[in-house]
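See below for the structure under consideration.
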Amino acid sequence: MAPAWEFSDDLFAIVGKDGLLRAVNSAWERTLGWAADELVGRSPIEFSHAEDPSELLQVRRSAYLEGRVEDLEMRYRHRDGSDRWLRWSGYCDQDLWYVVGKDVTPARE
């Protein structure tokens, strides 16, 4: 049986404290065009908009100190080269981050 997160339109991920994706749901492929095997083991920074990586690193550092992040909107690259705006929330539990992202691109256009 598939985990419940596979049925969501929201992007779910587990991220290690090293910043690498450990698991993603199928919404990543539906939303950004990247398959799970192309994402797991890589940093989400690799898929962020060219202007946003330094902001994402800063947010990641402060989020580790606070243990959670809420309503963070960032641009990510779709496999086709276009941009998508995602709103992220998540929390840290020991050495792993559990995050959920919602595609808010239509609201930003």
Side-chain angles (χ1 to χ4, degrees):
M1 179 149 95
W5 76 342
E6 287 300 329
F7 301 105
S8 176
D9 289 332
D10 292 336
L11 289 76
F12 283 84
I14 300 172
V15 183
K17 280 207 170 183
D18 58 3
L20 301 180
L21 291 161
R22 303 289 171 88
V24 298
N25 70 343
S26 57
W28 284 75
E29 188 166 7
R30 291 190 303 272
T31 304
L32 295 174
W34 303 98
D37 63 347
E38 298 174 293
L39 296 164
V40 172
R42 297 173 70 183
S43 170
I45 292 172
E46 294 180 51
F47 303 95
S48 65
H49 186 276
E51 297 173 11
D52 293 347
S54 61
E55 181 181 348
L56 185 56
L57 282 171
Q58 182 179 5
V59 166
R60 191 170 91 188
R61 283 187 203 108
S62 63
Y64 279 123
L65 295 174
E66 296 175 22
R68 74 180 301 110
V69 64
E70 294 181 26
D71 298 326
L72 169 68
E73 291 190 9
M74 302 283 298
R75 294 173 289 182
Y76 280 79
R77 280 183 299 114
H78 189 282
R79 185 182 189 98
D80 68 10
S82 64
D83 292 327
R84 298 291 192 279
W85 280 95
L86 301 174
R87 180 182 300 133
W88 295 99
S89 295
Y91 74 96
C92 186
D93 181 24
Q94 296 181 355
D95 291 336
L96 297 174
W97 274 93
Y98 299 89
V99 296
V100 61
K102 181 166 190 65
D103 184 1
V104 295
T105 305
R108 301 281 306 222
E109 294 179 336

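- Judged as a side-chain hydrogen bond (donor to acceptor under 3.5 Å, both in side chains), and not counting sequence neighbours, Asp9 has no contacts.
- The minimum heavy-atom distance linking Glu6 with Ser26 is given by the pair OE1-OG, 2.7 Å.
- Shown here are the ring pair (Phe, Tyr, Trp, His ring centres under 6.0 Å) partners of Trp88, two or more places apart in sequence or in another chain: Trp28, Tyr76.
- Not one N or O on the side chain of Ser43 forms a donor-acceptor pair closer than 3.5 Å with the backbone of Leu20.
- The distance from the CD atom of Glu73 to the OG1 atom of Thr105 is 9.5 Å, given to the nearest 0.5 Å.
- Glu70 and Ser89 are not linked by any side-chain donor-acceptor pair at a separation below 3.5 angstrom, with hydrogens and angles left out of the test.
- In this structure a side-chain-to-backbone donor-acceptor pair under 3.5 Å is missing from Arg108 to Val104.
- Remark: of the listed residues Asp10, Leu32, Leu72, Leu32 is the sole one forming a side-chain contact (heavy atoms from CB on, under 4.5 Å) with Leu86.
- With values rounded to the nearest 0.5 angstrom, Leu39 atom CG is found 14.5 Å from Arg22 atom CZ.
- Residues Arg77 and Trp34 approach most closely at O-NE1, 3.1 Å, considering heavy atoms.
- Under a 3.5 Å cut-off, the side chain of Thr31 and the backbone N or O of Ala27 do form a donor-acceptor pair.
- The side-chain contact (heavy atoms from CB on, under 4.5 Å) test applied to Ala36 returns Val24, not counting sequence neighbours.
- The side-chain contact (heavy atoms from CB on, under 4.5 Å) search around Asp95 returns Lys17, not counting sequence neighbours.
- Applying the side-chain contact (heavy atoms from CB on, under 4.5 Å) test to Tyr91 and every residue at least two apart in sequence or in another chain returns Arg68, Asp93, Tyr98.
- Here Phe47 contributes atom CZ and Arg79 contributes atom CZ; the two are 9.0 Å apart, rounded to the nearest 0.5 Å.
- Looking at residues two or more places apart in sequence or on another chain, you find no salt bridge (Lys or Arg N to Asp or Glu O under 4.0 Å) involving Arg30.
- Atom CD1 of Ile14 is separated from atom CG of Leu21 by 10.0 Å, given to the nearest 0.5 angstrom.
- Considering all non-hydrogen atoms of both residues, Pro44 and Gly19 come closest at CD-O, 3.2 Å.
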